[in-house]
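See structure below.
Quick caveat: nothing in here was measured; it's all calculated off a predicted structure. A, B, ... follow the sequence lines: proteins, then strands. Residue 1 opens every chain.
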Protein chains: 2
Amino acid sequence: MNPQDRTYKDKKVISIGTVSELTGLTLRQIRYYEERKLISPYRNERGTRKYSFTDIETLMDIADKREDGVQTTEILREMRLKEKKRESEKDLKKRMLQGQLNAQFKLGRGN
Amino acid sequence: MNPQDRTYKDKKVISIGTVSELTGLTLRQIRYYEERKLISPYRNERGTRKYSFTDIETLMDIADKREDGVQTTEILREMRLKEKKRESEKDLKKRMLQGQLNAQFKLGRGN
DNA sequence: CGTGTAAGGAATTCTGACACG
DNA sequence: CGTGTAAGGAATTCTGACACG
């Protein structure tokens, strides 16, 4: 995804009522999932919660899993696992790129 | 831009208070620019205005022009001109692509 | 023309709590 | 554990209008 677009996807500007409409979850449920650390909305000066499109996607994932009877603790575990996986993949890519660069450097020096 | 991302950029989900914070415009100004047809927010069941990130970008353009003393009527004209330009460029691309395809077809038939 | 403001009403959001299971 | 609900207060949003220039 274009880095410019990420700023939109991650920008926390949507109020809880709209999130409720978009996800089909009740306000109570949305607030509860925050209490269980599954999401962390931004709070404006007044204390009103503001969500991003990413938060909404996360909530829809949560809704699916809850329907399957998965508990919030378990959902949190899964989310953290996926986070780690993404990080290690990113790390792998970085190391591969570094390897490429090193090889290039040696070749350049060899000639 | 990725078509998937457009759905976020154009999704009208942001309330006027947040738009005001993001653009620095007053509620009065934002509503007035709507009256002058410069933007058209979505209205939910209750009648509350909802804006997209695209609307916000448009509003920031408007703010710049207003600062330069450009009147809303003139801004509207400019916006419509740009819209037409985009459309004719799109049209040109479409016709060029069609030309490419026709050429390919003739070549294929020729062999 | 573009923007401010006071007015009155209706819907939103927040928190802490009790309830049920 | 996950969710519903009533409670009270504070801030939001809406419209139509008068004001100024």
* Asked: Between C:dG4 and B:R31, is there an OP1 or OP2 to side-chain N/O distance shorter than 4.0 Å?
  -> no
* To do: Nearest whole angstrom, please: distance from the C1' of C:dG2 to the CG of B:L76.
  => 15 Å
* To do: Would you mind classifying the nucleic acid contact of A:S15 as base, sugar-phosphate or nothing, using non-hydrogen atoms under 4.0 angstrom?
  => sugar-phosphate
* Between B:R49 and D:dT13, does any side-chain N or O lie under 4.0 Å from OP1 or OP2? -> no
* Asked: Out of B:I75, B:L76, B:T23, B:L25, which residue meets the side-chain contact (heavy atoms from CB on, under 4.5 Å) rule with B:I62?
  -> B:I75
* Asked: How is B:T73 classified with respect to the nucleic acid when contacts are heavy atoms under 4.0 Å: base, sugar-phosphate, or nothing?
  -> nothing
* Asked: Does some side-chain heavy atom of B:S52 sit less than 4.5 Å from a side-chain heavy atom of B:K12?
  -> yes
* To do: To the nearest Å, give me how far apart OH (B:Y32) and P (D:dG16) are.
  => 16 Å
* Would the number of heavy atoms belonging to other residues, nucleotides or ligands and lying under 6.0 Å from NZ of B:K50 be above 12? -> yes
* Contiguous pairing runs of three or more, Watson-Crick or G-U under 3.5 Å, that involve DNA chain D -> C:2-5 with D:17-20, C:17-20 with D:2-5
* Rounded distance (Å) that lies between atom P of D:dG4 and atom CG of A:L25 -> 10 Å
* **Between C1' of D:dC14 and CD of B:E34, the distance in whole Å** => 11 Å
* Gap between atoms CD and P, on B:E35 and C:dG2 respectively (whole Å) -> 10 Å
* Given atom CD1 of A:I30 and atom P of C:dC14, what is their separation to the nearest angstrom? -> 10 Å
* To do: State, without any angle test, whether A:D55 and A:T58 hold a side-chain donor-acceptor pair at a distance under 3.5 Å.
  => no
* Is a salt bridge present between A:E83 and A:R86, judged by a nitrogen-to-oxygen distance below 4.0 Å? -> yes
* Asked: Between B:Y33 and C:dT3, does any side-chain N or O lie under 4.0 Å from OP1 or OP2?
  -> yes
* To do: For A:Q71 and D:dT3, give me the distance from atom CD to atom P, rounded to whole Å.
  => 11 Å
* Asked: For C:dT12, does OP1 or OP2 lie under 4.0 Å from any side-chain N or O of B:R46?
  -> no
* Does C:dT12 have OP1 or OP2 sitting under 4.0 Å from an N or O in the side chain of A:T48? -> no
* Integer-rounded Å distance: C:dG2 C1' and B:L27 CG -> 15 Å
* So does A:R28 get a side-chain nitrogen or oxygen closer than 4.0 Å to the phosphate oxygens (OP1/OP2) of D:dG2? -> no
* To do: Decide, yes or no, whether a salt bridge links B:K65 with B:D61 under the criterion of side-chain N to carboxylate O below 4.0 Å.
  => no
* Residues B:E34 and B:R31 bridged, charged N to O under 4.0 Å -> no
* Asked: Does a side-chain N or O from A:R43 land closer than 4.0 Å to OP1 or OP2 of C:dT13, or not?
  -> no
